[in-house]
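Quick notes on the structure that follows.
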Amino acid sequence: MNKAKYITDVPKDREEAIGVIESKRPKIIFVLGDIDTGKSTLITYLANKLIETFKIGIIDADIGQKGILPPTTISLTFPRDKFTSFSELKAEKSYFIGSTTPNQFFGEMVAGLKRLVDLSTQRADIILVDLTGYVHGQGAELKRLKIETVKPDLILALQRRNELENILKPFKNKIEIINLEVSKDAKIHEPSERRRIRREKWKAYFQNSKTYRLSLNDYIISGTQLFQGRELTKEELEMLGNLFKWLVFYGEKMGEKYIAVKADLEHYSRQIDKRVLHYIDFEKLSNLLVGLIDEDGFCIGVGILKLINFREKWIEVLAPLSEEEMKKVREIRFGRIRVREDGEELGLIDRGAI
Ligand SMILES: Nc1ncnc2c1ncn2[C@@H]1O[C@H](COP(=O)(O)OP(=O)(O)OP(=O)(O)O)[C@@H](O)[C@H]1O
């Protein structure tokens, strides 16, 4: 299921990197590289070599191709023994991002990484951090923010040519950087192949899931503009429905702004000032991914929103969590991807849309 495996036939410079790590003992190591440059393969290699001498922590922050389940989170784990692939590792703590791309989630990506790094430093000698392959444009900004916030002791830069120079430039002479060549065997995976791998991961994750009916009043609801304002009356809902030819399931007023969850009764183009009225298509909420969050803000697991009953204020969520684990959930955080339990991704949603 995972692309990256423990491979011992690696470029020579890996041995040199191990030499530097053994002698200088950097605590936090970032692995940077474009997609498919072998970041996870490198971390698997280093962890297997170093685990004989050091306590190792791994943070999988590569949400595009997460090896450690669940997808759309970033995860911390402490492997005890040698392993061949990230998929064998069980997350000790995860932080919910809610999307398979860091676009629009820079805050979560940085805050989550920082929180996991803070947790790991007491329990491991060396923490290997796998970052996304998003290294151009805004991706470079995100890398800078992470480096500035976490201040790694060592950056391992997997470069084909000099595509990371832009990111690394401000940190030269401040942070130790080792350039590593990309293995000639590193294999490019087309977007369709990456999607297929993600489908398998989702499917594996949601195996043995159960549907839980959860009362909205029992949880903090976050990650959405909903449930923050005054609920609209029946008359107000009808008024909006008549005005725009909608079936309005639910609505709120927050300050001077209205929010409506609706389905179109007629198809025509409506002129609506979104600053005054924000509308959410009801179908955007079906099969929406939600994070099940504990009292410390960490993600116990993710679930799929299957039903939402606005009148009676409950939702049904499909999740592979036990009753015991569900008892620890304090918060339900809305994500921005719709996905089915068979692994089919139904699409990403704009952050502002819900
Ligand atoms: N040293 C190597 N020898 C043989 N194959 C390798 C080596 N390094 C990487 N590969 C192969 O190249 C592919 C990409 O590697 P990997 O998944 O580690 O990259 P990545 O940078 O972590 O990718 P992503 O951006 O998706 O996280 C995989 O199929 C992997 O098995």
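In each ligand, atom 1 is the first atom listed, and ligand 1 is the first ligand listed.
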Tell me which protein heavy atom sits closest to atom 25 (O) of ligand 1, plus the residue, atom name and distance to 0.1 Å. Lys39 NZ, 2.9 Å
Under the salt bridge (charged side-chain N to carboxylate O under 4.0 Å, His left out) definition, can you give me all pairs with a residue in residues 278-297, not counting sequence neighbours? Lys262-Asp281
For atom 27 (O) of ligand 1, what's the nearest protein heavy-atom neighbour? Residue, atom name and distance, please. Asp62 OD2, 2.2 Å
Taking heavy atoms and a distance under 4.0 Å, where does Thr41 meet ligand 1: side chain, backbone, both or neither? both
Considering heavy atoms of the protein only, find what lies nearest to atom 10 (N) of ligand 1 and give residue, atom and distance to 0.1 Å. Ala186 CA, 3.6 Å
Please report the C-alpha distance between Phe227 and Tyr219 in whole Å, then the side-chain angles of each, then the deciding distance to 0.1 Å, and finally whether the ring-ring contact (aromatic ring centres under 6.0 Å, His included) criterion is met. CA-CA 11 Å; Phe227 311 113; Tyr219 298 90; over 10 Å; no
For a side chain to side chain donor-acceptor pair (under 3.5 Å) with Lys66, tell me which candidate from Thr73, Thr100, Asp60 qualifies. Thr73
Does a side chain donor of either Lys143 or Thr132 reach within less than 3.5 Å of an acceptor in the other side chain? yes
Closer than 4.0 Å to some heavy atom of Ser183 - which atoms of ligand 1 meet that? 1 (N), 2 (C), 3 (N), 7 (C)
For atom 28 (C) of ligand 1, what's the nearest protein heavy-atom neighbour? Residue, atom name and distance, please. Lys3 O, 3.6 Å
Would you indicate whether the side-chain heavy atoms of Leu307 and Trp314 approach each other to under 4.5 Å? yes
Would you verify whether the NZ or CZ of Arg270 falls within 45 degrees of the ring axis of Tyr268 while also being under 6.0 Å from that six-membered ring's centre? yes
Checking the N or O distance criterion of under 3.5 Å, is ligand 1 in contact with Lys5? no
Any N/O of Asp36 closer than 3.5 Å to an N/O of ligand 1? yes
For atom 22 (O) of ligand 1, which of Ser85, Ser40, Gly67 has the closest heavy atom? Ser40
Heavy atom of the protein closest to atom 6 (C) of ligand 1 (residue, atom name, distance): Ile7 CD1, 3.8 Å
Counting each atom of ligand 1 from 1 as listed, which ones have a heavy atom of Arg194 under 4.0 Å away? 24 (P), 25 (O), 26 (O)
Any N/O of Lys187 closer than 3.5 Å to an N/O of ligand 1? yes
Would Thr233 and Glu236 count as having a side-chain donor-acceptor pair, cut-off 3.5 Å? yes
With a 3.5 Å cut-off and no angle check, do the side chains of Thr121 and Lys27 form a donor-acceptor pair? no
Taking the six-membered ring of Tyr279 as reference, does the cationic atom of Lys274 (NZ for Lys, CZ for Arg) lie under 6.0 Å from its centre and within 45° of its axis? yes
Please list the nearest protein heavy atom to atom 4 (C) of ligand 1 with its residue and the distance rounded to 0.1 Å. Asp185 CB, 3.3 Å
Only heavy atoms of Ile35, strictly under 4.0 Å: list the atoms of ligand 1 that pass. 25 (O)
Answer yes or no: does an N/O atom from Gly38 fall short of 3.5 Å to an N/O atom of ligand 1? yes
Using a strict cut-off of 4.0 Å, indicate which atoms of ligand 1 neighbour a heavy atom of Gln65. 26 (O)
Please list all pairs passing the salt bridge (charged side-chain N to carboxylate O under 4.0 Å, His left out) test where one or both residues lie in residues 90-108, with sequence neighbours left out. Glu92-Arg123, Glu108-Arg351
Testing the 3.5 Å rule here: is there a donor-acceptor pair between the side chains of Thr211 and Glu316? no
Proximal ligand 1 atoms for His189, defined as those under 4.0 Å from one of its heavy atoms: 13 (C), 28 (C), 29 (O)
